[in-house]
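This report concerns only the one structure given below.
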Amino acid sequence: MSSGALYRKYRSRSFDDVVGQEHITTTLVNSIKNETFSHAYLLTGPRGVGKTSVARLFAYMVNGIDYSDDKTYSDIIEIDAASNRRIDEIRELREKIGITPSLLKYKVYIIDEVHMLTREAFNALLKTLEEPPQHAIFILATTDFHKVPDTIASRCVRFAFSTIRPEAIAEHLKKIAKKESIDIEDSALEIIAENSEGSFRDGISLLDQFRNSKKTITAGYVARVLGISPAKEIGALIKHVESSAAKDMMDSLDKLRHSGATDSQIAKQLIAYLRSCLLGETGSTLDRQSLLKLIDSLLKINEYSNTRIALEIALFSGFPATEEKPAVVNKAKPRQEKEKDVKEENPPEPVRESSTTRPADGDFWESVLSELKNENNSLYAIARMAEVKITGTTLELYFKFPFHYKQVSNEKNLRLIVQKVKSDNGKIKEVKLFIKEKAGKNGEEPKETVKNISNIFGPSEVLES
């Protein structure tokens, strides 16, 4: 095996080596043959698909130089806009651009990640692009085209690079593996290609990560290293969502995480699985709308700092709606308005059962859940897993998982639960939340987290961790 990074060793040396961008390379080759090239180009597209390589190849070919020659030329200038983004660097470029090339026919400026330039630097560059010298060519490259000002883009010939198909990446990696004497299964190469996200550079870097293995590199080994979960485990996780089996779902998630899978990787695989369900390739009891909603939630988990909770909540939101017992109408004779006012002005001390608890009335709590389901399905999915008790005039909710407790403690969610509790059971004067794992520890009572209903919207909120 040779030393050095593979992605540098196998950088494209000619336009024939550039794979998947034929619509661009063919046009550039013809423009060079016909001498009809522009003074400014804008290369856009995702990372690792060949933008910088094509820029360098064009710079050499337009000057009639063989790129296989490792010699560097002072007339081909590469600028990293991420490190040289200020107006001073662009002003220096403007001062030197008028000087004719010292060795070559054209002076070529390659500005990578051009979207990183400051506004002042863009304005300075714009003046140069408006009246460039005959001997100067600009090639701008960016992964964020939308950040490039229209005034810059309109003065360039734009080429949009596309992501590379996994099949093409796998075939390319297979050739490299053969040249480097890397013993790797084709199925392992396919997994690497699938996880390259359309980037040749990422694919080659992943292959580089595995090339020092002493034995044959198998698909199973690659999957374990990359934290990719077996398809059957992903399928089982979806089945738990379909059946609203909260505990089994959490157990499956924990198993996947303990095997090394990241939340982002799990979400990515879940999205692929659900997509196959939408296309009819895999069976699912979820309807089309539910599948789309779950996919949308999974796509957004990386927008949150805590991807762990974001993934779990996304899965809970995918629980299908189930038939619940109808709400029980309170048939008790309503108190007279005058009597109600008197009692509210001088409320009696709540009668509490000293140290015993009794289960909450089933119909009462089912009624609360039924109303929650109609207004907030995610909160309903969490509340239905609480262990519910009534002690005197106090409703106690015990949660197994801290994040469930935290979600219910959220002011908006708590307000909704309290509203439903008060409307369905006028006897409840107090609501308390507990983390079940802490209840009864060392013979102590669990620390209450929410006090009297009338005070739950106070200026502060204490959450247990």
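This is a predicted model, so every value here is computed, not measured.
Not a single donor-acceptor pair under 3.5 Å links the side chain of R94 to the backbone N or O of I90. Panel note: side chain T27, backbone H23; a donor-acceptor pair is recorded below 3.5 Å. Formation of a donor-acceptor pair under 3.5 Å by the S31 side chain with backbone atoms of L28 is found in this model. Formation of a donor-acceptor pair under 3.5 Å by the N306 side chain with backbone atoms of R308 is found in this model. No donor-acceptor pair under 3.5 Å is formed between the side chain of K107 and the backbone N or O of I77. Side-chain atoms of S196 come within 3.5 Å of backbone N or O of I192 as a donor-acceptor pair. Formation of a donor-acceptor pair under 3.5 Å by the N63 side chain with backbone atoms of L104 is not found in this model. Side chain of D144 to main chain of K147: no donor-acceptor pair is present (N/O by atom type, distance under 3.5 Å, no hydrogens or angles).
Contact check for D75 versus V108: no side-chain heavy atoms found under the 4.5 Å cut-off. In this structure, P320 and E242 have side chains that are not in contact, with every pair of non-hydrogen atoms separated by 4.5 Å or more. Using a 4.5 Å heavy-atom threshold, the side chains of Q265 and N195 count as touching. For the pair F210 and V222, the minimum side-chain heavy-atom distance is below 4.5 Å. Two residues are said to be in side-chain contact when any heavy atoms from C-beta on lie closer than 4.5 Å; I417 and L379 meet this criterion. Put simply, the side chain of I24 does not reach to within 4.5 Å of the side chain of F15, judged on heavy atoms. Looking at L207 and L189, their side chains come closer than 4.5 Å, going by heavy atoms from C-beta outward. Side-chain contact between L57 and S12 is present, with at least one heavy-atom pair separated by less than 4.5 Å.
Looking only at atom types and distance, the side chain of S205 has no donor-acceptor partner in the side chain of D208 under 3.5 Å away. Side-chain atoms of E180 and Y10 include a donor-acceptor pair closer than 3.5 Å. Using a 3.5 Å distance cut-off with no hydrogens or angles, the side chains of E113 and T142 do not pair a donor with an acceptor. A side-chain donor from one of S74 and S102 sits under 3.5 Å from a side-chain acceptor of the other.
Other residues, nucleotides and ligands place no more than 12 heavy atoms under 6.0 Å from the CD atom of Q134. Other residues, nucleotides and ligands contribute at most 12 non-hydrogen atoms within 6.0 Å of the CG atom of D150. Surrounding CD of E22 are more than 12 heavy atoms belonging to other residues, nucleotides or ligands, all under 6.0 Å away. Sparse packing is recorded around CZ of R275, with 12 or fewer heavy atoms of other residues, nucleotides or ligands lying under 6.0 Å away. Residue K239 places its NZ atom among more than 12 non-hydrogen atoms of other residues, nucleotides or ligands, all under 6.0 Å distant.
Using a cut-off of 4.0 Å between Lys/Arg side-chain N and Asp/Glu carboxylate O, D112 and K51 are scored as not salt-bridged. Look at D263 and R257 and you find a salt bridge, because one of the NZ, NE, NH1 or NH2 atoms lies within 4.0 Å of a carboxylate O, short of that distance. Residues K175 and D17 are not paired through a salt bridge, judged by the lack of any N-O separation under 4.0 Å between the basic side chain and the carboxylate. A salt bridge links K96 with E92: at least one charged nitrogen is closer than 4.0 Å to a carboxylate oxygen. A salt bridge does not link K215 to D183: none of the charged nitrogens lies less than 4.0 Å from a carboxylate oxygen.
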With side chain to side chain contact (heavy atoms under 4.5 Å, CB included) as the test, would you mind laying out the steps for M61 and Y67 before giving the verdict? CA-CA 8 Å; M61 289 186 66; Y67 187 65; over 6 Å; no
Give the intermediate values and the outcome of side chain to side chain contact (heavy atoms under 4.5 Å, CB included) for residues R155 and E130. CA-CA 7 Å; R155 287 167 172 78; E130 287 175 337; 3.2 Å; yes
Between I217 and E185, is a side chain to side chain contact (heavy atoms under 4.5 Å, CB included) present by the stated rule, with each step listed? CA-CA 6 Å; I217 304 170; E185 294 178 349; over 6 Å; no
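The ring pair (Phe, Tyr, Trp, His ring centres under 6.0 Å) test with F58 is passed by exactly one of Y106, F159, F138, Y41: Y41.
Partners of Y273 under the ring-ring contact (aromatic ring centres under 6.0 Å, His included) rule, at least two apart in sequence or in another chain, do not exist in this structure.
The shortest non-hydrogen separation linking T72 to Y60 is CA-OH, 4.4 Å. The two residues P133 and I97 make their nearest non-hydrogen contact at CG-O, 3.8 Å.
Note: H404 and F316 have perpendicular aromatic rings, judged against thresholds of 30 and 60 degrees for the angle between ring planes.
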Compile the donor-acceptor pairs under 3.5 Å between side chains in residues 291-299 and protein atoms, sequence neighbours left out, one pair per line.
| unit_1 | atom_1 | unit_2 | atom_2 | d |
| --- | --- | --- | --- | --- |
| D296 | OD2 | K300 | NZ | 3.1 |
| S297 | OG | K293 | O | 3.1 |

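Sequence neighbours left out, not one pair with a member in residues 240-271 passes ring pair (Phe, Tyr, Trp, His ring centres under 6.0 Å).
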